[in-house]
Protein chains: 2
Amino acid sequence: MSIVHYEKYDSLLVAVDCIVFGFDGSELKALLIKRDFEPQIGKWSLMGGFIHQDESADDAAVRILNRLTGLDNIYMEQLHCFADVNRDPGGRVLSIAYFALININDYSQQLMFTHNAQWYSLKDVPELIFDHNTMMKAALEHIRSKAANHPVGFALLPAKFTLPQLQNLYEAIYDSKMDKRNFSRKLLSLNILIKLNEKDKASSKKGAFYYIFDEENYKRLEHEGIKFI
Amino acid sequence: MSIVHYEKYDSLLVAVDCIVFGFDGSELKALLIKRDFEPQIGKWSLMGGFIHQDESADDAAVRILNRLTGLDNIYMEQLHCFADVNRDPGGRVLSIAYFALININDYSQQLMFTHNAQWYSLKDVPELIFDHNTMMKAALEHIRSKAANHPVGFALLPAKFTLPQLQNLYEAIYDSKMDKRNFSRKLLSLNILIKLNEKDKASSKKGAFYYIFDEENYKRLEHEGIKFI
DNA sequence: TCCAATAAGTGTAAATTTTACAATTATATA
DNA sequence: TATATAATTGTAAAATTTACACTTATTGGA
């Protein structure tokens, strides 16, 4: 096989920007950072960075997410490559947006402080730099269409969670109320939930049973798809 | 707003590669080109090219599709950005894959010849350069998951088509037989088909009625989603 | 012109899933 | 012990999906 050396005249800067969603038990939130660097210092934005010569886009996203959260093994998917010519006033920069889900409790206050980071409810997301609001909107649409056909929650919920918490998550994703009888019937019929003999008493006197995900069935349905909506 | 000039040390070449699907009435086919240029001259590949400094990725895809097909207004979606470090042995090149659907009859023999292009049934797709087989596979998965939740056919079928042709398309996408009574009931219930008072006699003595898409309802359902599977 | 062949077009009953809807239960605290 | 709170549970009607086979329109050949 012949190796050619491509001309470099139209090489471009390529960034990765991460939309990080977390769930606090009742609301879906996005992790944003207040920039203490140029360009657009002082404004809110997604966490991002340039892709290096010697790393894949996925690796860059992992690196950037790790820098922001301190976490490894974050659930992450490539969302879309945003490539309008003038999306970044500082120069021609492509951005590959990544969609990540984390358990909000895994995120340390220390790192929040270090990065000027803040969790914003989706309703309250401020104006962001560049096309980051567009990315945010695409990420919200993505999780909605994903949740319609795949189980979600594994990455967003703590290991032990209750049915009301899981329902709150779906209600937060779709920003609408659901019937709890129908919801539990539906979710239990998927065989991805294992009921524990232990209750969470934090939000009611009666207490709600904890569940964990059946990891094997969850991953299978994540691949095969379900029909949630 | 302050304009910064980003360092250029990690700028990358970014290509666009197009997976073009067409439907010949019974089979789903992909448009491939036999390379008459380096690297990998003589091998089959997707049609692609580099993104220029002054064009968006979408514009590059339109340009490349137009060069290959002579067509404007091709149905097209960004699929995924492939960015492994060593995906192209000729150098570090990212590739944004685009997924396009065209009416196979719109494609001229002249252009087929000019570009060394050939329609391949999906079952017979040969070994392609780089990660193009991976892209092809992703495109097939994409059209399958898309067809499960959205109407498809507008871009792939001629303006007038018959119900058996539409069913053939769905059967080709899913590579499986469907019941024609259930299929027609389902599709007709979507209110996206307008029956013409005219028959296609090409494939039967009785003839099959032509239909056209109700463009408004089609576009609405394309946006809202349907539940096909 | 009549018959045979071909593919198009059509209906129904059973099974499953979805939807709408409200009473009971467990527990903590007053 | 009474009360308040949120969790848990069932059922009937409606809608959708599935499985399944005969009739129809037309052409070309006997």
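In this text, all values refer to a predicted model and were calculated from it rather than measured experimentally. Numbers restart at 1 for each chain; the letters A, B, ... are given by sequence-line order, proteins then strands.
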Item to check | Position toward the 5' end of DNA chain C (nearest nucleotide), B/Y211 or A/F228 | outcome: B/Y211
Checklist entry - What is the distance from NZ of A/K227 to P of C/dT16, rounded to the nearest Å? => result 14 Å
Checklist entry - Whole-Å distance between D/dT24 C1' and B/F209 CZ? => result 11 Å
Checklist entry - Tell me, for nucleotides 24-30 of chain C in 5' to 3' order, what letter each nucleotide earns: B for a base near a protein heavy atom under 4.0 Å, S for only sugar-phosphate near one, - for neither? => result -BBBBS-
Next on the checklist: What is the separation between atom CG on B/D200 and atom P on C/dT6, rounded to the nearest whole Å?
Outcome noted: 18 Å
Next on the checklist: Do A/Y75 and A/E77 pair up side chain to side chain, a donor and an acceptor below 3.5 Å, judged on atom types alone?
Outcome noted: yes
Checklist entry - Under 6.0 Å from the six-membered ring centre of A/F154 and within 45° of its axis: does the NZ or CZ of A/K219 meet both? => result yes
Checklist entry - With distance as the sole criterion, is a donor-acceptor pair present between the side chains of A/H150 and A/E224 under 3.5 Å? => result no
Item to check | A/N133 side chain vs A/P126 backbone, donor-acceptor pair below 3.5 Å | outcome: yes
Next on the checklist: Do B/T69 and B/I74 make a side-chain contact, defined as non-hydrogen atoms from C-beta onward lying under 4.5 Å apart?
Outcome noted: yes
Checklist entry - Is there a donor-acceptor contact under 3.5 Å linking the side chains of A/D17 and A/S95? => result yes
Checklist entry - Looking only at atom types and distance, does a side-chain atom of A/K29 sit under 3.5 Å from a main-chain N or O of A/L122, one as donor and one as acceptor? => result no
Next on the checklist: Quick check on contacts: within residues 158-189 of chain B, what sits under 4.0 Å from DNA chain C by heavy-atom distance?
Outcome noted: B/P164, B/K180, B/R181, B/R185
Item to check | Polar contact flag, side-chain donor to acceptor under 3.5 angstrom, A/D58-A/Y98 | outcome: yes
